[in-house]
Each structure stands twice: as structure tokens, then as C-alpha cells.
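Bear in mind that the values here come from a model prediction, so they are computed numbers and not experimental data. One-based numbering, in listed order, for ligands and for the atoms of each.
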Amino acid sequence: KIKSPISEEYFDEIIQHLRNNFFGDEPLNKAVKLCNEGEKHEDLELHSLLTLKDNLSVMAVDQNTKKIIGVALNGIQKPSDTKIAKEKLLQANDEKYKNIFSFLYGVNQDLDLFNKYRVDRIFECRILSVDQNYRGQGLAKKLLEKSLKIAQDNNFKLFKQDATSYYTQKIAENMGFITIFELRYKAYRGEDGEPIFKTSEPHKFLKVMIKILE
Ligand code: ACO
């Protein structure tokens, strides 16, 4: 069952779901070995909770067990957010986390979507996560479809996601998203000339994908 909005009483269970299924398994997190399965991550948890507080997120619940089996954490992006987030990142504790987010924030700052699409807020799907035991059944697609509906209902003109996973790219392409930026992970190198994110197959690209809403 797909549910939205999500009240605060579910936040702890969502964080637990993310520890078990997202923190260690999202392609960039996995490439830098950010977390082991089930492990906490202070910065990522704060990022997730702040996003939940925008009240645009969606969850999937198993009707029999009542367990949360998937989430789309959606937030509002405003023009100055990326610059501020980039400055705040300097205080983050974890170098691996800093690497991931300075990469994503840098790409987004360069894209300057607010000017390009003449909008003052963007609906952003920041985290899409499905329980490992429920993958491949179309749940992520349902979570994204519901997210699109919420964006439309709230009069957003632009829906965006930084799709780091080949699977989310496939779902979004099928839903009519367009890729406005892509970068091959192998081409993003550190000072030593080595790729910073040695992602596993089949995750080869970061794609920034958008859908313009009517
Ligand atoms: N192997 C091959 N194909 C797969 C796999 C797999 N392991 N998993 C999904 N797919 C394909 C499906 O066949 C489907 O393609 P189709 O529409 O052409 O048939 C597509 O990918 C999506 O399938 P869903 O069943 O809707 O996706 P699912 O519910 O399994 O969830 C998700 C996908 C969220 C990426 C899940 O694998 C996950 O939680 N991964 C870890 C976290 C992660 O990487 N999240 C995305 C990061 S990007 C972001 O957060 C914005």
C-alpha cells in the first residue's frame, strides 16, 4: 500500500529501513563503502529527516506485516539551497559523505536549473529505496508515480532527481523523464588520477533527470 503524507511517528522506522536498505546499497554509497548494512550514519540521517519534514514523501507498507518496504523521500529545493548546503558540507564529519555530496551539489550548481527553467522551487526526489526482499516488483515505479502526482497537486513546475542508479534511470526514462546531464563515473577522477566512485555494474553514469509538469 502506497501512503502519503507520512506523519512523524513513522520517521524512526523509515530511518531503520534506510540503514538496512539504502545507506550501504545506493551505488555511490556502496562505491565508497559509506556504511555496512544496518549501520547508522549521522549526516545521511539528518539529510533524510530534513527531507521528510518537507512533507512530500511517500512510503510503501506491506499490508500483511505493516512493515515499511519502500520510500521516496522528496524535498523542496530553493535557489540558495545548494550554495548553503555546500558550505555546511565543510562541517560534515565523514570524508566519504563529503565526496558524494560535493559531487552532487557541484553538478547541480553548474546546471542552475532555476534560471534555465524559470522556477523558484523544484520538487526533488532525493532518496528512492526499496527493501531488498521486495525489489524487482515495480515498487520503486509506484513510489515515483505517486511522487509525481504529489508534485503536480502542489503546483510544482519541475520534478528533478539525481539518478545515481541504473535502475532508477530506467524507471524514470519509462515515465517520460529526460536526462539533462550525465557523467560517466569513471571520468570523475581525484588528484591521483583514479576514479573517485568505482561503482559496481550496471551503474555507470550519474544522470540528472527532470520532468516538466503541466
Ligand atoms: N536487476 C535487474 N533489473 C532490475 C533490478 C535488478 N536487481 N532491480 C530493478 N530492476 C529493473 C526492473 O526490471 C525495472 O525495469 P523495467 O521497468 O524495465 O522492468 C526497473 O529496474 C525498476 O524496477 P522496480 O521494481 O520498480 O524497482 P525496485 O522496486 O526494485 O527498486 C531501487 C529499485 C529503488 C533502485 C532499489 O533497487 C533500491 O532500493 N536500491 C538501493 C538504493 C538505490 O540505489 N536507490 C536509488 C538511488 S537514486 C535516488 O535515490 C534518486
Side-chain angles (χ1 to χ4, degrees), residues 1-3 14-39 41 43-45 47-52 54 56-62 67-77 82 97 100-101 103-105 107-108 111 113 122-148 150-151 158-183 185 197-211:
K1 199 167 175 195
I2 303 291
K3 286 190 178 175
I14 288 176
I15 295 296
Q16 195 55 54
H17 159 89
L18 294 174
R19 286 179 191 155
N20 293 337
N21 300 285
F22 185 88
F23 290 179
D25 205 21
E26 180 278 335
L28 296 183
N29 294 357
K30 196 170 174 181
V32 302
K33 299 192 176 67
L34 188 75
C35 289
N36 292 316
E37 195 178 312
E39 207 179 328
H41 195 286
D43 297 316
L44 258 183
E45 288 174 25
H47 173 73
S48 306
L49 288 169
L50 287 175
T51 302
L52 275 164
D54 281 344
L56 298 167
S57 297
V58 186
M59 67 179 178
V61 177
D62 183 315
K67 193 179 157 202
I68 295 173
I69 53 175
V71 289
L73 298 195
N74 304 316
I76 306 168
Q77 209 191 342
T82 309
Y97 178 86
I100 294 172
F101 280 86
F103 170 57
L104 295 177
Y105 292 155
V107 166
N108 277 280
L111 283 173
L113 297 181
I122 297 173
F123 186 101
E124 185 179 42
C125 178
R126 299 195 184 132
I127 289 184
L128 191 59
S129 169
V130 168
D131 187 302
Q132 300 179 41
N133 299 314
Y134 292 80
R135 289 184 187 164
Q137 301 174 27
L139 258 185
K141 184 169 178 261
K142 282 195 184 142
L143 289 164
L144 207 53
E145 279 169 353
K146 178 72 178 170
S147 302
L148 263 178
I150 295 170
L158 193 64
F159 188 119
K160 187 207 83 146
Q161 58 169 327
D162 298 334
T164 58
S165 157
Y166 172 72
Y167 305 134
T168 32
Q169 292 163 9
K170 235 170 109 177
I171 308 169
E173 268 158 27
N174 288 338
M175 288 172 64
F177 278 73
I178 55 165
T179 300
I180 51 163
F181 173 85
E182 65 176 40
L183 181 70
Y185 292 129
F197 305 116
K198 291 179 180 158
T199 51
S200 54
E201 288 292 321
H203 311 293
K204 293 192 180 72
F205 292 91
L206 164 74
K207 292 191 179 184
V208 178
M209 303 182 78
I210 61 154
K211 194 162 164 107

Need the ligand 1 atom indices (1-based, order shown) with element for anything under 4.0 Å from a heavy-atom of [X].
X	result
I127	50 (O)
P27	44 (O)
Q137	25 (O)
S129	39 (O)
G136	25 (O), 28 (P), 30 (O)
E26	42 (C), 43 (C), 44 (O), 47 (C)
Q161	51 (C)

**Message:** Can you see whether N74 engages S147 through a side-chain donor-acceptor pair at a distance of less than 3.5 angstrom?
**Reply:** yes
**Prompt:** Any side-chain donor paired with an acceptor under 3.5 Å for K141 and N174?
**Reply:** no
Which residue owns the protein heavy atom closest to [atom], what's the atom, and how far is it?
atom	answer
atom 16 (P) of ligand 1	K170 CE, 4.1 Å
atom 47 (C) of ligand 1	T164 OG1, 3.4 Å
atom 34 (C) of ligand 1	L128 O, 3.7 Å
atom 39 (O) of ligand 1	V130 N, 2.8 Å
atom 42 (C) of ligand 1	F22 CD1, 3.5 Å
atom 22 (C) of ligand 1	I171 CG1, 3.1 Å
atom 25 (O) of ligand 1	G138 N, 2.7 Å
atom 31 (O) of ligand 1	A140 CB, 3.2 Å

Treating [X] as the side-chain partner and [Y] as the backbone partner, does any N or O pair qualify as donor plus acceptor under 3.5 Å?
X	Y	value
D54	I76	yes
K142	A60	no
D62	K67	no
R135	V130	yes
Q169	F205	yes

Nearest protein heavy atom to [atom]: under 4.0 Å?
atom	result
atom 36 (C) of ligand 1	yes
atom 19 (O) of ligand 1	no
atom 14 (C) of ligand 1	no

**Request:** Check the pair I15, S48 against side chain to side chain contact (heavy atoms under 4.5 Å, CB included), reporting the backbone distance first and the verdict last.
**Result:** CA-CA 8 Å; I15 295 296; S48 306; 4.0 Å; yes
Does any N/O atom on [X] come nearer than 3.5 Å to any N/O atom on ligand 1?
X	value
R135	yes
Y167	yes
K141	yes

Could you tell me whether [X] approaches ligand 1 through its side chain, its backbone, both or neither, with non-hydrogen atoms closer than 4.0 Å?
X	result
N174	side chain
K142	neither
L139	both

**Prompt:** Do Y97 and H47 make the cut of ring centroids closer than 6.0 angstrom?
**Reply:** no
**Request:** Pick out which of Y167, F197, Y166 makes a ring-ring contact (aromatic ring centres under 6.0 Å, His included) with H203.
**Result:** Y167
**Trace of the side chain to side chain contact (heavy atoms under 4.5 Å, CB included) decision for V208 with L111** = CA-CA 9 Å; V208 178; L111 283 173; 3.8 Å; yes
**Request:** Determine whether any heavy atom of H203 lies closer than 4.0 Å to an atom of ligand 1.
**Result:** no
**C125/L144 under side chain to side chain contact (heavy atoms under 4.5 Å, CB included): CA gap, chis, key distance, verdict** = CA-CA 8 Å; C125 178; L144 207 53; 4.1 Å; yes
**Message:** Apply side chain to side chain contact (heavy atoms under 4.5 Å, CB included) to residues I180 and L113 and explain how you reach the verdict.
**Reply:** CA-CA 10 Å; I180 51 163; L113 297 181; 3.4 Å; yes
**Message:** Is the shortest side-chain heavy-atom distance between N29 and L44 below 4.5 Å?
**Reply:** yes
**Request:** May I ask you to check whether over 12 heavy atoms, not counting those of K30, lie within 6.0 Å of atom NZ?
**Result:** no
